[in-house]
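Computation of the quantities below employed the complete heavy-atom set of this structure, encompassing side-chain atoms and omitting hydrogens, waters and symmetry-equivalent molecules. This structure is a prediction, so every number in the text was calculated from the model and none was measured. Order of the sequence lines fixes the chain letters, A, B, ..., with proteins taken first and strands second; residue numbering starts at 1 for each chain.
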Amino acid sequence: MNNQSEVRVRMAPSPTGFFHVGSARTALFNWLFAKHHNGKFILRVEDTDVERSSEDMIDVVLQGMKWLGMDRYEGPYFQSKRIDLYKKYIKKLLETGKAYYCYCDPQILDKERKAAYARKEDWKYDRRCLSLSDANKEKKDQSNTLKAVRFLIPEHRVTYKDIVYGEISRDSKDIEDFIIQRANGMPTYNLACVVDDHDMGISHVIRGADHITNTPKQILLYEACDFAIPEFAHLPLILGPDKSKLSKRHGAVSLDEYKKKGFLPDAMVNYLALLSWSPGDDNEDFMDRKRPENLGTVDMVRLAKEFTLERVNKANAIFDVTKLEWMNQQYVMQLNKPRFRERLKPFVIKHGLMTEEEINQRDKWYAEVCNLMQPRLRTLDEINNQGRYFFKDDFDYDQTALQKFTNRETLTTMKTFLPVIQDINPFDVMNIEITLLNFGENHGLKVKQWIHPLRVFTTGTKAGPPLFDTLELIGKQRCISRIEKMLKQKKES
RNA sequence: GGCCCCAUCGUCUAGCGGUUAGGACAUCACUCUUUCAAGGUGGAGACACGGGUUCGAUUCCCGUUGGGGCCGCCA
């Protein structure tokens, strides 16, 4: 058996095929708590529902854990491989009269329940199978009627002290004799969860607040099985903008979607840690600033050190993507250059901006583009919208900006710049700057008279990195052909 | 319908009887700047309501209202 004082927590996902950010937050809090107390973090897959589970569905969770930097855990254990253990306890409960067989047709029960709700009435299973005579049971067994096992709820109020919510109390008369074993012989969630938490020596059950109502049920089960009851800590729910539990209809809810959008796991961790928890002082920044090479990464050690369940808030929290984006930008911005280049690479390739080979061949050029774009990206995926013009000619033009610069005067100005640009040798920032500035001045042009149209003509946008650096990286020929293209196009219209 | 939980700026939050109610995101000015981003400065912005308790309530208690969660042979 495990040492009594050892902290053992777990994350218990069901294999739904995706990794909800709420689950990620729960995992993180468990992980931080374990780390804080030098305890163990266990991963247990709750896959007792055979019809909806498959082993590869859990892969996305395992990957997500790795992505977030929480890949050191005990397990994963699969409940589907521990059925005998659950059956042992179910049998015991049956033998001691703490559970009983239920032969009811689930469809009929369901109908009754729905009818009651429709009448605005409460409904609870009425224990009709508890009082079944032996003869009757035998008859049903003979005819192979399917039977599930129900837990006979003892009559007394259940009270426990939740680490974050304080005392929570529920009268057991409000709890129905819930099913602990399906007709197909598989245990259900509450039973398996209790048996496992006991068997695995879990000291603290840290999970979403949607499990608050399950807790009294489980405590009753702990008592019936004669297990020691662990500590419970429920975490406020993460809500969508409409204040209901964050779900798929709110848009991006899976960790994977955020990864694909170009969020850094480090920013994700920092943001998630601050949802329902705060360090107490005004510092929300958990970036590792101790060593320059670690900039842009999150300091999980410091987070774990500061994290306590006592500082978890009770109120539900709305997931604020805008703040996440801001935080991500902070992390992206600070990332050391080589690391940023590596992080950006998959997005450059994904959008067909460059191939892996091209990046290797033109690594210096790629690095310079990275330097210019790094401080401007909120998410890595934005490289396509914000910096496509560096790589490709098929970028979109900001039409309103273009309109502004297609008057006769500006077009003429741009035309006079063409040969000047043609003559810049070598075509580097310094030369470009000196030449263009001089030329403009000599022709009585104010800088903004030509610099803005020049930017729009060559990049399609009025916002971006310093223009002369940008021009150099785009290259002379492409600059010229882009300007010519605009002149030609506008003359025709 | 039953049960449980929650309640500070638009959002995330600090506050654990006496504060000019603090910070962050977003927002609005100004500043820096060839544009954008970042940065800097400043502004606006909250204790849901009603009763108690107390010399004194954002803070403690009760109620109201509002919001959320659960009530599956899902987890």
Side-chain angles (χ1 to χ4, degrees), chain A residues 12-16 46-49 51-53 79 102 104 106 109-110 113 116-124 146-150 162 165-166 168-171 173-176 178-190 192-193 207-217 234 236-237 239 241 243-245 271 274-285 311 313-327 329-330 333 373-378 386 401 433 436-437 446-448 450-452 454-456 459 461-468 470:
Chain A
S14 59
T16 53
E46 312 228 310
D47 55 349
T48 54
D49 186 356
E51 279 158 38
R52 289 182 231 198
S53 302
Q79 289 192 325
C102 174
C104 294
L109 259 27
D110 198 48
R113 178 167 37 232
Y117 286 168
R119 274 180 274 123
K120 299 235 177 228
E121 279 170 23
D122 192 19
W123 189 90
K124 228 174 76 185
L146 289 172
K147 57 182 180 183
V149 177
R150 283 184 188 274
D162 193 287
Y165 284 95
I168 291 181
S169 175
R170 192 178 177 194
D171 200 315
K173 75 176 188 326
D174 296 318
I175 304 172
E176 76 166 355
F178 60 91
I179 293 197
I180 55 177
Q181 184 178 75
R182 301 176 174 89
N184 69 6
M186 291 295 277
T188 58
Y189 163 72
N190 279 304
C193 181
R207 72 225 309 190
D210 45 353
H211 284 289
I212 284 180
T213 45
N214 273 326
T215 308
K217 294 185 188 178
H234 288 91
L237 264 17
L239 273 26
K243 297 186 180 221
S244 69
K245 196 160 73 161
Y271 176 75
L274 261 16
L275 265 191
S276 306
W277 176 81
S278 84
D281 55 27
D282 285 336
N283 183 25
E284 297 190 331
D285 179 7
R311 293 210 56 85
N313 203 38
K314 284 198 263 251
N316 293 342
I318 293 173
F319 194 80
D320 184 4
V321 183
T322 311
K323 183 156 181 177
L324 208 209
E325 284 174 343
W326 168 80
M327 187 156 280
Q329 180 172 25
Q330 296 297 311
M333 225 161 50
M373 292 310 291
Q374 184 174 2
R376 275 158 256 267
L377 298 178
R378 299 212 309 289
Q386 284 193 37
E433 180 163 357
L436 296 186
L437 250 24
K446 283 182 188 153
V447 175
K448 56 178 166 184
W450 55 269
I451 201 163
H452 297 306
L454 187 54
R455 177 188 291 281
V456 175
T459 70
T461 170
K462 56 181 194 281
L467 186 60
F468 306 128
T470 305

Q | Most 5' of A:Pro236 and A:Asp171 on RNA chain B, judged by nearest nucleotide | A |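 Final value for this comparison: A:Asp171.
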Q | 5′-ward residue of the pair A:Lys120/A:Leu146 relative to RNA chain B | A |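 By nearest-heavy-atom nucleotide position, the 5'-most residue is A:Lys120.
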Q) Are any side-chain N or O atoms of A:Arg311 and backbone N or O atoms of A:Trp277, one a donor and one an acceptor, separated by less than 3.5 Å? A)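 Not at all, since once roles are kept as given, no pair shorter than 3.5 Å links the two residues.
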Using OP1 and OP2 only, check whether a side-chain N or O of [X] sits under 4.0 Å from [N].
X	N	value
A:Ser278	B:A14	yes
A:Lys245	B:C70	yes
A:Arg311	B:G15	yes

Q. Under 3.5 Å, is there an N or O donor on one side and an acceptor on the other linking the side chain of A:Asn190 and the base of B:A75?
A.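 No, no donor-acceptor pair under 3.5 Å.
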Q | base_contact_polar (B:G69 base, A:Asp210 side chain, donor-acceptor, <3.5 Å) | A |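 Under the 3.5 Å cut-off, the side chain and the base do not form any donor-acceptor pair.
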Base paired to [N] (Watson-Crick or G-U; both N/O distances under 3.5 angstrom):
N	answer
B:C16	none
B:C49	B:G63
B:U11	B:A24
B:A44	none
B:C71	B:G1
B:G39	B:U31

Considering every strand and a 4.0 Å limit on heavy-atom distances, what is the contact class for [X]: base, sugar-phosphate, or nothing?
X	result
A:His234	nothing
A:Thr213	base
A:Arg113	sugar-phosphate
A:Gln181	nothing
A:Thr48	sugar-phosphate

Report yes if some heavy atom in the side chain of [X] is under 4.5 Å from a heavy atom in the side chain of [Y]; otherwise report no.
X	Y	result
A:Pro216	A:Ile175	yes
A:Phe468	A:Leu437	yes
A:Asn316	A:Ser276	no

Between [atom2] on [N] and [atom1] on [X], what's the gap in Å once rounded to a whole number?
X	N	atom1	atom2	value
A:Arg150	B:G72	CZ	C1'	10 Å
A:Ile168	B:C4	CD1	P	11 Å
A:Asn283	B:A14	CG	P	15 Å
A:Leu239	B:G66	CG	C1'	14 Å
A:Glu46	B:G72	CD	P	19 Å
A:Glu325	B:A24	CD	C1'	16 Å
A:Met327	B:U13	CE	P	13 Å
A:Glu176	B:C3	CD	P	15 Å

[N] and [M]: how far apart are their [atom1] atoms, nearest whole angstrom?
N	M	atom1	answer
B:C6	B:A48	P	15 Å
B:C32	B:G45	C1'	27 Å
B:G63	B:A75	C1'	36 Å
B:G1	B:U13	C1'	36 Å
B:C62	B:A24	C1'	35 Å
B:C60	B:C73	P	40 Å
B:G43	B:C9	C1'	14 Å
B:U59	B:U19	P	13 Å

Return the minimal non-hydrogen interatomic distance between [X] and [Y], and the atom names on each side.
X	Y	result
A:Leu377	A:Gln329	O-CG, 3.6 Å
A:Leu237	A:Gly208	CD1-C, 4.4 Å
A:Tyr117	A:Trp123	CE2-N, 4.1 Å
A:Met333	A:Gln374	O-NE2, 3.4 Å
A:Pro466	A:Arg376	CD-NH2, 3.8 Å
A:Tyr165	A:Pro236	OH-CA, 3.5 Å

**Q.** Residues that A:Glu46 engages under salt bridge (charged side-chain N to carboxylate O under 4.0 Å, His left out), provided they are two or more places apart
**A.**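 By the salt bridge (charged side-chain N to carboxylate O under 4.0 Å, His left out) rule, A:Glu46 matches A:Arg44.
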Q: Sequence neighbours left out, what passes ring-ring contact (aromatic ring centres under 6.0 Å, His included) with A:Phe319? Give chain and number order.
A: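 In terms of ring-ring contact (aromatic ring centres under 6.0 Å, His included), with neighbours along the sequence ignored, A:Phe319 is linked to A:Tyr258, A:Tyr271.
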What string of B, S and - do you get for [range], 5' to 3', when a contact is any protein heavy atom under 4.0 Å?
range	result
nucleotides 35-47 of chain B	BBSSS--------
nucleotides 59-64 of chain B	------
nucleotides 7-12 of chain B	S---SB

Q) If you count the non-hydrogen atoms of other residues, nucleotides and ligands that lie under 6.0 Å from NZ in A:Lys462, is the total more than 12? A)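 No, NZ of A:Lys462 has 12 or fewer neighbouring heavy atoms, counting only those of other groups under 6.0 Å.
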(Q) Counting only heavy atoms from other residues, nucleotides and ligands, does the tally under 6.0 Å from CZ of A:Arg150 exceed 12? (A)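 Counting neighbours around CZ of A:Arg150, more than 12 heavy atoms of other residues, nucleotides or ligands fall under 6.0 Å, so yes.
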Q.
Which nucleotide wins on minimum distance to the side chain of A:Tyr117, given the candidates B:G69, B:U34, B:G1?
A.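 So the side chain of A:Tyr117 is nearest to B:G1.
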Q: Return the nearest nucleotide to the side chain of A:Arg170; candidates are B:C4, B:U34, B:C73.
A: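 The answer is B:C4, which lies nearest to the side chain.
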Would you give me the side-chain donor-acceptor pairs under 3.5 Å for residues 183-190 of chain A, sequence neighbours excluded?
residue: A:Asn184; atom: OD1; partner: A:Met186; partner atom: N; Å: 2.8
residue: A:Thr188; atom: OG1; partner: A:Ile179; partner atom: O; Å: 2.7
residue: A:Tyr189; atom: OH; partner: A:Arg207; partner atom: NH2; Å: 3.3
residue: A:Tyr189; atom: OH; partner: A:His211; partner atom: ND1; Å: 3.2

